[in-house]
Visitor: 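Supplied in structure tokens, the structure appears directly below.
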Amino acid sequence: MRNPIQWGLWLLTITAIAVFGYNVYLRETTPPQRSYNEFLNDLTQDNINTVHLHGQNLTGTDSAGRPFGTFVPDVAALTPLLVDHKVTITGEPVLPSESSEIFKILLPFVLILGGWLIFSKRSLSSAFSGGGKGSRFTPIKGDRVTFADVAGINEAKEELQEIVEFLKNPEKYSRLGGRIPKGVLLQGSPGTGKTLLAKAIAGEASVSFFSIGGSDFVEMFAGVGASRVRELFAEAKKSTPCLIFIDEIDAIGGRRSGGQSTGSNDEREQTLNALLVEMDGFASHETVIMIAATNRPDILDPALLRPGRFDRRITIPLPDVKGRLKILEVYARKIVTAPDLDLDTIARSIPGFSGAEIANLVNEAALNAARYDQEMVRAEDFELAKDKIIMGLERRSIVVSEQDRRVTAYHEAGHAIVGLMLDETDPLHKITIIPRGRAMGLTQQVSIDDRITYSREYLLNRISILMGGRAAESVVFGRLTTGASNDIEHATEIATRLVCEWGMSPTIGPIAYRRSGEGFLGDASQGKPHSEMIAQSIDTEIKQLIGGCYDQAIDLLKKHNRFLHEFAEALLLYETMDAEQVDIVYRHYLKERELERLLTENGGTHDQANNHQKTEVHP
Ligand code: ADP
Ligand code: ZN
């Protein structure tokens, strides 16, 4: 169906039918034509009853009541004759907009063409972009990607090295009758380099790379996805050994859900079946390896994961601190960086960034530097780029009332102070009251190292820090705002997992209970189902955990009330503070407190009781 010639034939057929239909319509509606002479004859014999003039076109009825039409060469000359013979005359002028006949003839063509274009927009573009010898699936050549271009995910690379060997040297492995794997499933978040890895495998083994993506499968016409899959495999088999990459395989390979069957489900199933048939259909001498990528392995149809299909699964994680540094190095090599640029610090400050986001970060930083005509890219440019990516663009222009600014400053100071006063937690990185994206302000912490496991203390402290914002508002203003909704959501998430997933609650114990909601990589439905009673005690436990943390935050902020005010004032003044500035404010506060303690101790020698009390209040 996608072949342009076939489309042309379709178009022609439809047009022909339309033209024929239009002609029939015209014949039905236009009265039988007479020559002008015949008409004049009838007129002079008083055989004409009425005429209707439309420009030079005349229609009318004769004395027998039969309709007729004719063309009038000279209307001015005819009119007196018509009057003489007492014919009823009606008529209308020809409007310029009605250069009508042409329009009427063209109209169906225009409609057909328009309809056709709308219907086949996707197919059309793909039909013509494929072009050439009629195939869309030509292997990618040119820029060869190798493992050197993929940084920071060494484990995955090592596992895939084997696939490279298979592709390079299939005989070596099949010699003893072993079956070469057919399919590898790469699972991981978007932007972690799955596509890049697949390309690198093809590059390392010097084989052709064919790719098809989830969105290719979603077509308007039934059967297109399936035929596309067959076409792809036919093409790939012509150039073995080769590698076929299927991106977003969950688009077609999602589990066949009984409930929500939509129209596109049939289409999806057909495509999936075609894929399974093709996969099973390789002969053993055909060295075709398939790599599929997904970030939702949990929803894949089990049929896809059976032995002989995508039976190898490799998880591509988000890069850790070392991985991020490696990826940064790859991309920093491509730009001009300042000699004192410390990539290590940058790598630490971007936990959770994917490879794609790091590539984007470096690019944004380079653009920032270029914007200000700098000679090279400096740390500040990275900082700006990072903020832009993490928090969305600064919204300096937004009008924030003085009251809102104050509340935000105390809110953020609350987070920061609770964080400073607790031991086991991440150091503060940056704190700002400049609105960004949807947030009014932000307090950022960096992890010293990517933590893989978290202690109970760390998690509880995190909840306390999250509560710090709301607690500060309550301590200082005595009223609550909606600004803490995000914090509360986050804290609830941590507390819930702490109880249901990590088994850290003494009352519930180390049992994984099913939670509601859906986590990434779909661990939602795992865990033990439970009774209403357990559900209640889970809820109570979560409530107590968060309540305890909130109380702790309140206590800390009341105890360090002066610090809270100083911190908030500093924030209102500077708007954004980094770790160093926070440290200065903190040390200033500590010094003040020390001074005060000394003063009260000295002054207190006169009054023992008073001194005693004071030292108890300030431990
Ligand atoms: P995915 O297929 O997992 O969504 P991609 O492979 O399309 O991710 O990654 C997008 C881009 O991000 C790549 O083209 C590359 O520029 C960059 N990238 C991602 N991961 C890495 C990595 N580990 N090393 C180098 N570049 C990476
Ligand atoms: Zn907050």
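Note that ligands are numbered from 1 as they come in the structure, with each ligand's atoms numbered from 1 the same way. These numbers were taken from a predicted model, which means no experiment stands behind them.
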Visitor: What are the atoms of ligand 1, with element, lying closer than 4.0 Å to any heavy atom of Ile327?
Guide: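 Taking each heavy atom of Ile327 in turn, ligand 1 has 22 (C), 23 (N), 24 (N) under 4.0 Å.
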Visitor: For Val330, state whether at least one heavy atom is located under 4.0 Å from any atom of ligand 1.
Guide: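 No, Val330 has no heavy atom closer than 4.0 Å to ligand 1.
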Visitor: Starting from atom 18 (N) of ligand 1, what is the nearest protein heavy atom, named by residue and atom, and what distance separates them?
Guide: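 Result: Gly355 C, 3.7 Å.
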Visitor: For Ala347, enumerate each residue passing the side-chain contact (heavy atoms from CB on, under 4.5 Å) test, keeping only those at least two apart in sequence or located in another chain.
Guide: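 With sequence neighbours excluded, Ala347 shows a side-chain contact (heavy atoms from CB on, under 4.5 Å) to Arg324, Leu325, Leu328, given in chain and number order.
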Visitor: Under 4.0 angstrom from ligand 1, any heavy atom of Pro190?
Guide: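 Right, Pro190 reaches ligand 1.
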Visitor: I need the single residue from Leu185, Ile246, Ile249 that forms a side chain to side chain contact (heavy atoms under 4.5 Å, CB included) with Leu304. Which is it?
Guide: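 Only match with Leu304 under side chain to side chain contact (heavy atoms under 4.5 Å, CB included): Ile249.
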Visitor: Tell me: protein heavy atom nearest atom 17 (C) of ligand 1, and distance?
Guide: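 It is Tyr331 OH, 3.3 Å.
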Visitor: Out of Asn363, Leu196, Asp149, who is nearest to atom 6 (O) of ligand 1 when you count heavy atoms only?
Guide: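 The nearest heavy atom belongs to Leu196.
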Visitor: Which bit of Ile153 gets closer than 4.0 Å to ligand 1, counting heavy atoms only: side chain, backbone, both or neither?
Guide: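 Side chain only; the backbone of Ile153 stays clear of ligand 1.
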Visitor: Whether Lys388 and Glu383 form a salt bridge (side-chain N of Lys/Arg under 4.0 Å from carboxylate O of Asp/Glu) is what I want to check.
Guide: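 Between Lys388 and Glu383 there is no salt bridge, as every charged N stays at least 4.0 Å from the carboxylate O atoms.
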Visitor: Can you report which non-hydrogen protein atom sits closest to atom 10 (C) of ligand 1, along with the distance?
Guide: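 Of every protein heavy atom, Ala356 CB, 3.9 Å lies nearest to atom 10 (C) of ligand 1.
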Visitor: Answer yes if the side chains of Thr425 and Asn461 hold a donor-acceptor pair under 3.5 Å, and no otherwise.
Guide: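 Not at all, the side chains of Thr425 and Asn461 share no donor-acceptor pair under 3.5 Å.
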Visitor: For atom 22 (C) of ligand 1, what is the closest protein heavy atom, and at what distance to 0.1 Å?
Guide: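 Its nearest protein heavy-atom neighbour is Ala151 O, 3.6 Å.
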Visitor: Would a 4.5 Å heavy-atom cut-off, applied to side chains only, mark Arg462 and Tyr454 as touching?
Guide: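 Not touching, per the 4.5 Å side-chain cut-off.
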Visitor: Side chains of Glu424 and Ser455: donor-acceptor distance under 3.5 Å anywhere?
Guide: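 Result is yes, a qualifying pair exists.
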Visitor: Verify the distance criterion only: is there a donor paired with an acceptor across the side chains of His490 and Asn486 at less than 3.5 Å?
Guide: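 Judged by distance alone, the side chains do not pair up.
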Visitor: Check Asp487 and report its N/O/S atom nearest to the Zn ion (ligand 2), by atom name.
Guide: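 Of the nitrogen, oxygen and sulfur atoms in Asp487, the Zn ion (ligand 2) lies nearest to OD2.
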Visitor: If the Zn ion (ligand 2) is the vertex, what is the angle to NE2 of His415 and NE2 of His411, rounded to 10 degrees?
Guide: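 With the Zn ion (ligand 2) as the vertex, the angle is close to 90°.
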Visitor: Identify the protein heavy atom lying closest to atom 2 (O) of ligand 1, giving its residue, its atom name and the separation to 0.1 Å.
Guide: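 The closest one turns out to be Thr195 OG1, 2.5 Å.
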Visitor: Using the test side-chain contact (heavy atoms from CB on, under 4.5 Å), find all partners of Asp149 that sit at least two apart in sequence or belong to another chain.
Guide: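 Scan of Asp149 (side-chain contact (heavy atoms from CB on, under 4.5 Å), adjacent residues dropped) gives Val145, Thr146.
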Visitor: Could you measure the distance from the CD atom of Glu235 to the SG atom of Cys242? Nearest 0.5 Å is fine.
Guide: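 SG of Cys242 is found 10.0 Å from CD of Glu235.
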Visitor: Within ligand 1, which atoms have a heavy atom of Val150 less than 4.0 Å away?
Guide: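 Answer for ligand 1: 23 (N), 24 (N).
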Visitor: Taking Val288's backbone N and O only, do any of them form a donor-acceptor pair with Lys182's side chain (distance below 3.5 Å, no angle check)?
Guide: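 No: the side chain of Lys182 does not pair with the backbone of Val288.
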Visitor: Considering heavy atoms of the protein only, find what lies nearest to atom 4 (O) of ligand 1 and give residue, atom and distance to 0.1 Å.
Guide: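 Answer, as residue, atom name and distance: Gly191 N, 2.8 Å.
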Visitor: Counting only nitrogen or oxygen atoms and a 3.5 angstrom limit, does Gly193 reach ligand 1?
Guide: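 Yes; at least one N/O pair falls below 3.5 Å.
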